[in-house]
Amino acid sequence: MGAREAGLPERVPVDGLPPRVTIWEVGPRDGLQNESAVVPVEVKLEFLDRLAGAGLTTLEATSFVHPKWVPQLADAEQLLAGLDRREGVRYPVLVPNERGLDRALNAGVGHIAIFASATETFAQRNLNSTLDEQFAMFEPVVTRARAEGLEVRGYLSMCFGDPWEGVVPAEQVVRAGKRLLDFGCSQLSLGDTIGVATTGQVAKLIETFGKSEVDVSALAVHFHDTYGQALANTEAALRAGVSTVDASAGGLGGCPYAESATGNLATEDLVWLLEGLGIDHGVDLGALVETSVWMAGQLGRPSPSRVVNALAG
Ligand code: HMG
Ligand code: MG
C-alpha cells in the first residue's frame, strides 16, 4: 500500500478531550539540530514546503543561536531568505539572546521562541548560564520582541527529569515557567527533554500550574520519546486540557546538549492518535508520511516512527 492510500483509524470521540489540537511541528528545528549530517539549505526548504503542503500550520523553522553551538542550523539567514512563506502558516524560530533577536528581526520573522531550563545544570550546559542568568538574558529579548510586535513562545526544558539532577520537582518547574509567562510569553511549552516522564507526572505538573493560576490554555507539551512514553503522555496532557502539542515529522530530533535525548514524538504517531480520538488536526497523513520517507532518504537512515513504518509503501 502506498502512503497516499494510507488507512486511518476509526474515529471514536471521547468525552473530556479538546475538539481540535494545534500541532507545533519542530522537525526542521529540533529534528535537524541533532543530525550529525549538515542538511543542505535547499533540502530544508523543500522539507518545510512539504510539511506545509501536508497541512501543518506551525513550522518551527530554525534557530538564531550561536552557529558554533549548533552548526546544523548555522544557515538560518539563508533559510529565511529562501523561505516561500505560505498563507496561514507561521514559521517561529528559536532565539536565545538579544544578538539572536537582532538576527531574527533582520530576517523578518514574526514569531520567536525563547528556551529556558528548569534546572541549574541544563542552563549551564545549554546556555552557558546559571538559572538566574538565563532569565536575565531572556527578559529583554521578550520585552523587545513584544515591542516589535512579535509573538513569543517560552520553552522550558527538563520539566520532568534531568540527566544530572534526577527528578525535577513540579514546584520548581512552575516557578521557572511562571517567570517566562510573566515576561510576556503567550505560550509555555513544557519540555520532557530526555523523555522520562510518565502519565501521572504529566497530569500532576499541569494541575500544579493550574493551582498556581496559570491558564492551561497557555500551556503546550513537548515530549521526546526516549522511553516510549510520548504518546501516552500526550493523551494525559489532552485530558488535562492542553491543546497544543509539539511533534517532529518522522520522529526526527533530540538535543545536542542532552545526550540522553532522542527524537521527539513523531507527528505521524500523534496524528494517528488524534484522528482515532475524533480530534481535528488538519493534517493529510499520507502526504506527511511521504515527506518523512523522503526526508529519511535525505538523511540516509530510516524514520523511527511506528506509523511511518506501518504506512510507508
Ligand atoms: P556564549 O558562548 O556564552 O555567548 O553562548 P556569549 O554571549 O559569551 O558571546 C560569545 C560570542 O558569540 C560573541 O561574539 C557573540 O556576539 C556571539 P564575539 O563578540 O566573541 O565575536 N553570539 C552569537 N552569535 C550569533 N548568534 C547568537 C549569538 N549569541 C552570542 N545568538 C549562547 C551563549 C546562549 C549564545 C549559546 O549557549 C547558545 O547559542 N546556545 C544554544 C544551544 C541550543 O541551541 N540548544 C538547542 C536548543 S534547546 C532544545 O533543543 C530544547 C527544546 O527542544 C525543548 C526541550 O526539548 O526541552 C527547545
Ligand atoms: Mg526538544
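For ligands, and for the atoms within them, numbers begin at 1 and follow the listed sequence. FYI, the numbering just counts along the sequence from 1.
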Heavy atoms only: which of Leu190, Ile114, Leu127 is nearest to atom 32 (C) of ligand 1?
->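 Looking at heavy atoms only, the winner is Leu127.
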Close-contact set for ligand 1 against [X] heavy atoms, below 4.0 Å:
X: Gly100; value: 31 (N)
X: Arg29; value: 47 (C), 49 (C), 50 (O), 52 (C), 53 (O), 58 (C)
X: Phe64; value: 27 (C), 31 (N)
X: Val70; value: 43 (C), 44 (O)
X: Pro67; value: 25 (C)
X: Asp30; value: 50 (O), 53 (O)
X: Gly191; value: 57 (O)
X: His224; value: 56 (O)

Could [X] and [Y] be called an ion pair, given the rule that one side-chain N must be under 4.0 Å from one carboxylate O?
X: Asp246; Y: Arg153; answer: yes
X: Arg175; Y: Glu171; answer: no
X: Arg144; Y: Glu148; answer: no

Side-chain donor-acceptor pairs under 3.5 Å in residues 294-304, sequence neighbours left out?
{"unit_1": "Arg301", "atom_1": "NE", "unit_2": "Glu35", "atom_2": "OE1", "d": "3.4"}
{"unit_1": "Arg301", "atom_1": "NH2", "unit_2": "Glu35", "atom_2": "OE1", "d": "3.4"}
{"unit_1": "Arg301", "atom_1": "NH2", "unit_2": "Glu35", "atom_2": "OE2", "d": "2.4"}
{"unit_1": "Ser303", "atom_1": "OG", "unit_2": "Gly250", "atom_2": "O", "d": "2.8"}
{"unit_1": "Ser303", "atom_1": "OG", "unit_2": "Ser305", "atom_2": "N", "d": "3.0"}

Show your reasoning for whether side-chain contact (heavy atoms from CB on, under 4.5 Å) applies to Val89 and Leu51.
-> CA-CA 10 Å; Val89 178; Leu51 292 170; over 6 Å; no
Parallel, tilted or perpendicular for Phe223 and Phe160, by the 30°/60° rule?
->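 It falls in the tilted class, 30° to 60°.
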Does Tyr91 use its side chain to pair, donor to acceptor, with the backbone of Arg86 at less than 3.5 Å?
->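 Yes, Tyr91 side chain to Arg86 backbone: donor-acceptor pair under 3.5 Å.
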Report yes or no: does Thr199 contribute a side-chain atom to a donor-acceptor pair with the main-chain N or O of Asn233 at less than 3.5 Å?
->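 No, because the side chain of Thr199 does not come within donor-acceptor range (under 3.5 Å) of the backbone of Asn233.
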Report the part of Asn97 (side chain from C-beta onward, or backbone N, CA, C, O) that has a heavy atom under 4.0 Å from ligand 1; answer both or neither where that applies.
->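 Answer for Asn97: side chain.
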Check whether any N or O atom of Tyr155, backbone or side chain, sits under 3.5 Å from an N or O atom of ligand 1, and answer yes or no.
-> no
Looking only at distances, please establish whether an N/O atom of ligand 1 is found under 3.5 Å from an N/O atom of Asn126.
-> yes
No-hydrogen, no-angle side-chain donor-acceptor test under 3.5 Å, Gln134 and Ser117 =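 Ser117 and Gln134 do not have a side-chain donor-acceptor pair below 3.5 Å.
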Any N/O/S of Asp30 under 2.8 Å from the Mg ion (ligand 2)?
-> yes
